[in-house]
Amino acid sequence: MIQKQRQGRALTMPVTGNKQRHIIMCLALVMAGCCLPDIAAVTWAGEARPVQEGTPVLTVEPVQPVRFSLPVRISANGSIAPWQEAVISAELGGVQLLEILAQVGDQVKKGQVLAVFDRERVAADVENSRAVLAEAEAMLEESRENARRVRDIIDEGAMSALQAGQYLTAEKTAEARVRAARAHLDIQNLRMKHTRVVANDDGIITRRQAVLGVVTQEGQELFRLIRQNRLEWHAEVTASELFRLRAGSRVEYTVPDVGSSTGQVRMVGPGLDPGSRYGTVYVDLPGAMEQGFRPGMYAQGYFLLGSSEGLMLPRSAITLRDGFSYVFRLSETGKGMARLEEVKIRLGRSEGDLVEVLEGIQADDRVVRSGGAFLSGGDQVRLLP
């Protein structure tokens, strides 16, 4: 009995294992069947849409270079400075400054009073000089009268030649003293005139060193002004550019956040700076002060040297790669199709959205107007009519 049960258990065990293997095989077949449609679909899709060589990758718009007249310009940078500065100094020494009538930024006219010194002390010196002159003139009259009498009696022998010579010498000495007194009085009158400090030209005050109450020294600077409100631009250019410029050339300049205006070359510098190796061109800027420009501002500008024709392309037709400029030239293959050729070019001047092409293409070439970043040399494209 036990043996039959063991045999039954031995018989039932293989049956159970076969069922498991059968179930596993069925599941494998089901999974394979599920995958087969996808594989078939991929194979069918690949066969239905084969990649053919020469198929157009993009539709592009062709453009042809145009001849355009462009200004010939030389760019430069530099600072704006006064055309000339005038220094107004004290012409009196040892006299106190009592009044200041001008400040930095004031517009002044030639001869306008800017400051006043102590006039009373100078006036006293003037009166003293007048008194000295009057005394010298009185002594001269007395000496002249004595000399006249001596000349009348010198031939009669009433006076020795030595005594006569003394009177005649006294006359000449008195005359010299009068001249000296008059010169001293002129000096004092001039000092009185210099108690009023006046502007030596029209302009704008840019510096004031005058201090109220200070006893100045002769020659001490009191004010500084820009003569005639004239400014100029000190433009820096290279050696090759310097010798292309001439006096009278027209200039356009700009100061950021201030404005733009025009000027004219006043003088071309005679040489180059030994440190920077740049030359300086002096550009007259008429009316610059009224337009808001000031000394010390940094300006950028162009010297206009006429115009010349150039071969121009739209900026969108140019592709930048690895620091160089390229265009895609079109070689038409018929039926509205074309092959691309990537061409390296050299650029020149620009005017708005147009850029001059110096080298690389000819006037009769046609290139892609835009979208060069998505193209490569050798691609076949479809042309817009």
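The environment of Glu120 atom CD is sparse: at most 12 non-hydrogen atoms of other residues, nucleotides or ligands sit within 6.0 angstrom. In this structure, His184 places its NE2 atom where only 12 or fewer heavy-atom neighbours from other residues, nucleotides or ligands lie under 6.0 Å away.
In this structure, CD on Glu290 lies 8.5 Å from CG on Leu231, to the nearest 0.5 angstrom.
No hydrogens or angles considered: a donor-acceptor pair under 3.5 Å links the side chains of Thr238 and Glu241. Between Asn229 and Gln107, the side chains place a donor N or O and an acceptor N or O closer than 3.5 Å (distance only, hydrogens not considered). Using modelled atom types, one finds a donor on one side chain and an acceptor on the other under 3.5 Å when comparing Ser261 with Gln291.
Residue Tyr298 belongs to no hydrophobic cluster, having no ILVMFWY side-chain heavy atom closer than 4.5 Å to its own.
Judged purely by atom type and a 3.5 angstrom limit, Gln96 uses its side chain to pair as donor or acceptor with the backbone of Gly213.
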Go through the steps for Lys344 and Glu359 under the test salt bridge (charged side-chain N to carboxylate O under 4.0 Å, His left out), then give the verdict. CA-CA 8 Å; Lys344 184 178 178 181; Glu359 293 179 0; over 6 Å; no
Start with the C-alpha distance between Lys110 and Asp202, add both sets of side-chain angles, then the distance that settles salt bridge (charged side-chain N to carboxylate O under 4.0 Å, His left out), and finish with yes or no. CA-CA 5 Å; Lys110 185 176 182 178; Asp202 297 346; over 6 Å; no
Using the rule given for ring-ring contact (aromatic ring centres under 6.0 Å, His included), can you reason through Tyr302 versus Tyr253, listing the C-alpha separation, both sets of side-chain angles and the distance that settles it, and then say yes or no? CA-CA 6 Å; Tyr302 299 94; Tyr253 67 96; over 10 Å; no
Just do the salt bridge (charged side-chain N to carboxylate O under 4.0 Å, His left out) check on Glu351 and Arg349 with the steps written out, would you? CA-CA 7 Å; Glu351 187 70 22; Arg349 299 165 289 178; over 6 Å; no
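Judged by the 6.0 Å distance and 45° axis criteria, Arg208 is not positioned over the aromatic ring of Phe223.
Taking the six-membered ring for Trp and the full ring otherwise, His194 and Phe117 have centroids separated by 6.0 Å or more.
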